[in-house]
Undergrad: 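Structure below; questions to follow.
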Amino acid sequence: MILSIESSCDDSSVAVTDIATKELLFHRKISQESAHAKYGGVVPELASRLHAVDLPKLLQEAKPWLDDLEAVAVTNRPGLSVTLLEGVAMAQALSIAKGLPIIAVDHLKAHIYSLFIEKETRFPMLVLLISGGHTMVVDVQSFERMEVVASTMDDSFGESFDKTAKMMGLGYPGGPIVEALAARGDPARFDMPIPLRHSPKIAFSYSGIKNAVRLLVEANSPLDEKTKADIAAAFQQAAIEHLLQKCKKIFQRRKPKDFAIVGGASANMAVREAFVNLCGEFGATLHLADLRYCSDNAAMVGRYAIDAFERQLFSDALTIRVSPRSEL
Ligand code: KG4
Ligand code: ZN
């Protein structure tokens with residue numbers, strides 16, 4: 001069995017996975033969202049202190065499995081250094097106390113593996129990763145060969161939802177709040193620019209939409225409920241249309257048979273619907289992670305770790321480091 005730990009941002013999570021059967025034996029997560037909500041975003045120092053309180057509680061709950069572990073896996077990149085360190089410190093302690101090898105896990109690769117929790121690994125796959133920190137398309141040929149095909153030049157998809165919510169005073173995280181509001185709004189009331197619409201560039205950009213939202217908020221303040229919903233709807237439609245336009249270009253070139261969307265923002269129903277249509281148009285099969293595994297969790301870290309364990313990709317407790325950068 002592998003015990004896995006996730007602390008790259010504002011979720012503390014621990015899981016235990018059976019290596020041979022891939023069964024998820026234990027999985028718990030404590031989200032810090034409500035603690036950060038009043039600041040409109042994640043406060044790193046607060047997040048770090050909360051991980052230091054919550055991770056040991058989760059480890060305590062995993063006690064029935066602690067004597068049967070063969071490895072401990074931990075997210076060590078990318079993310080906030082001060083929060084990654086909390087998970088890594090716990091992994092180091094376990095590794096030294098029990099003589100276990102450590103599997104260092106890249107958070108973005110773990111998101112890709114959220115597709116395979118309690119399932120077989122299935123590659124090749126073209127993967128759109130949309131989260132709070134990243135927006136990218138990755139051509140995943142195998143465990144060893146993952147190539148970034150497109151990424152964002154500025155803000156990420158999820159971050160643009162968070163900032164839109166913050167500008168309208170709606171709280172954090174913005175994704176689910178803006179999605180719910182958008183469902184009641186009229187996207188046609190406001191003109192929203194589609195980023196890089198006339199550019200041949202295969203890349204994403206969300207700073208332009210963010211500015212457009214800021215101008216609308218300023219021009220219509222104080223905002224009434226209908227205007228908030230209409231801004232949310234116009235914003236969400238443009239944000240998704242931009243994803244679609246760029247992914248369509250990638251589809252035309254790569255003609256993927258299997259396409260997946262992962263990351264916290266892949267829980268968005270309007271995104272899912274839009275890509276059902278795009279995949280239908282190109283005859284590609286759309287793969288999505290179970291809703292409970294879209295946002296950050298240790299189950300996906302453990303699932304990645306099984307494939308790493310098979311390859312004996314181990315780190316040492318004394319030399320493992322954290323990094324703000326992904327390996328991708
Ligand atoms: O993957 P994740 O849990 O953490 C990171 O690795 O960043 O993603 C969190 C991000 C946040 O920006 C959040 O607002 C966004 O995912 N998100 C959504 C939705 N649910 C979460 N964005 C749009 N629509 C949603 N329903
Ligand atoms: Zn994430």
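The figures that follow rest on heavy atoms only: side chains count, while hydrogens, waters and symmetry mates do not.
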Undergrad: Do other residues, nucleotides or ligands put more than 12 heavy atoms under 6.0 Å from the NZ atom of Lys226?
TA: yes
Undergrad: Spell out, as yes or no, whether a donor-acceptor pair under 3.5 Å connects the side chain of Asp162 to the backbone of Gly174.
TA: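 At least one qualifying donor-acceptor pair exists.
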Undergrad: So, using ring-ring contact (aromatic ring centres under 6.0 Å, His included) as the criterion, who are the partners of His111 when residues are at least two apart?
TA: His107
Undergrad: Can you tell me if Lys22 has over 12 outside heavy atoms packed within less than 6.0 Å of its NZ?
TA: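 Yes, enclosed.
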Undergrad: For the residue pair Tyr304 and Phe143, categorise the inter-ring angle as parallel (less than 30°), tilted (30 to 60°) or perpendicular (more than 60°).
TA: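 Because their plane-to-plane angle is under 30°, the rings of Tyr304 and Phe143 count as parallel.
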Undergrad: Look only at the side chain of Arg77 and the backbone of Arg325, and say whether a donor-acceptor pair between them is shorter than 3.5 Å.
TA: yes
Undergrad: Taking the side chain from His242 and the backbone from Pro195, do they hold a donor-acceptor pair closer than 3.5 Å?
TA: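 Yes, His242 side chain to Pro195 backbone: donor-acceptor pair under 3.5 Å.
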Undergrad: Kindly state each residue pair satisfying salt bridge (Lys or Arg N to Asp or Glu O under 4.0 Å) with at least one member in residues 240-249, sequence neighbours excluded.
TA: Lys248-Glu281
Undergrad: Can you list every pair that meets salt bridge (Lys or Arg N to Asp or Glu O under 4.0 Å) and has a residue in residues 286-295, with sequence neighbours left out?
TA: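 Listed once each, the pairs are Asp290-Arg292.
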Undergrad: Could you note down all residue pairs passing ring-ring contact (aromatic ring centres under 6.0 Å, His included) where residues 248-274 supplies at least one of them, sequence neighbours left out?
TA: Phe251-Phe259, Phe251-Phe282, Phe259-Phe275
Undergrad: Return the set of residues passing salt bridge (Lys or Arg N to Asp or Glu O under 4.0 Å) with Arg321 (not counting sequence neighbours), or none when no residue passes.
TA: none
Undergrad: Test question: given the 4.5 Å side-chain rule for I, L, V, M, F, W and Y, name all other residues clustered with Leu80, or answer none.
TA: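 So far as hydrophobic clustering goes, Leu80 is joined with Val42, Tyr172.
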Undergrad: When you measure from the side chain of Glu61 to the backbone N and O of Leu58, does any donor-acceptor pair fall under 3.5 Å?
TA: no
Undergrad: Please, which pairs that meet salt bridge (Lys or Arg N to Asp or Glu O under 4.0 Å) have at least one residue in residues 302-315, sequence neighbours excluded?
TA: Glu144-Arg311, Arg303-Asp307
Undergrad: For the residue pair Pro44 and Thr83, what are the closest heavy atoms and their distance?
TA: O-CG2, 4.1 Å
Undergrad: Using a strict cut-off of less than 4.0 Å between a Lys/Arg side-chain nitrogen and an Asp/Glu carboxylate oxygen, indicate whether Asp154 and Lys210 qualify as a salt bridge.
TA: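 Salt bridge flag = no for Lys210 with Asp154.
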Undergrad: Has the side chain of Ser131 got a donor or acceptor atom that lies under 3.5 Å from a matching backbone atom of Gly263?
TA: no
Undergrad: Could you check whether Ser12 and Lys57, counting side-chain N and O atoms only, form a donor-acceptor pair closer than 3.5 Å?
TA: no
Undergrad: I'd like to check the salt bridge (Lys or Arg N to Asp or Glu O under 4.0 Å) partners of Glu86; sequence neighbours left out, ordered by chain and number.
TA: none
Undergrad: Determine yes or no for a side-chain-to-main-chain donor-acceptor pair under 3.5 angstrom, with Glu6 supplying the side chain and Ser8 the backbone.
TA: yes
Undergrad: Report yes or no: does Ser221 contribute a side-chain atom to a donor-acceptor pair with the main-chain N or O of Val217 at less than 3.5 Å?
TA: yes
Undergrad: Have a look at Ile112 and tell me which of Val140, Asp106, Thr121 forms a side chain to side chain contact (heavy atoms under 4.5 Å, CB included) with it.
TA: Val140
Undergrad: Would you say Tyr39 has more than 12 foreign heavy atoms packed within less than 6.0 Å of its OH?
TA: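 Atom OH in Tyr39 is not crowded, with 12 or fewer foreign heavy atoms closer than 6.0 Å.
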Undergrad: Which pairs count as salt bridge (Lys or Arg N to Asp or Glu O under 4.0 Å) when at least one residue sits in residues 177-194, sequence neighbours excluded?
TA: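 For residues 177-194: Arg189-Asp230.
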Undergrad: Could you list all the side chain to side chain donor-acceptor pair (under 3.5 Å) pairs where at least one residue sits in residues 259-273, not counting sequence neighbours?
TA: Gln236-Asn268
Undergrad: List the residues meeting side chain to side chain contact (heavy atoms under 4.5 Å, CB included) with Glu45, not counting sequence neighbours, and say none if there are none.
TA: Arg49
Undergrad: Name all residues meeting the side-chain hydrogen bond (donor to acceptor under 3.5 Å, both in side chains) criterion together with Arg254; count only those two or more places apart in sequence or in a different chain, and write none if there are none.
TA: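 side-chain hydrogen bond (donor to acceptor under 3.5 Å, both in side chains) check on Arg254 returns Asp139.
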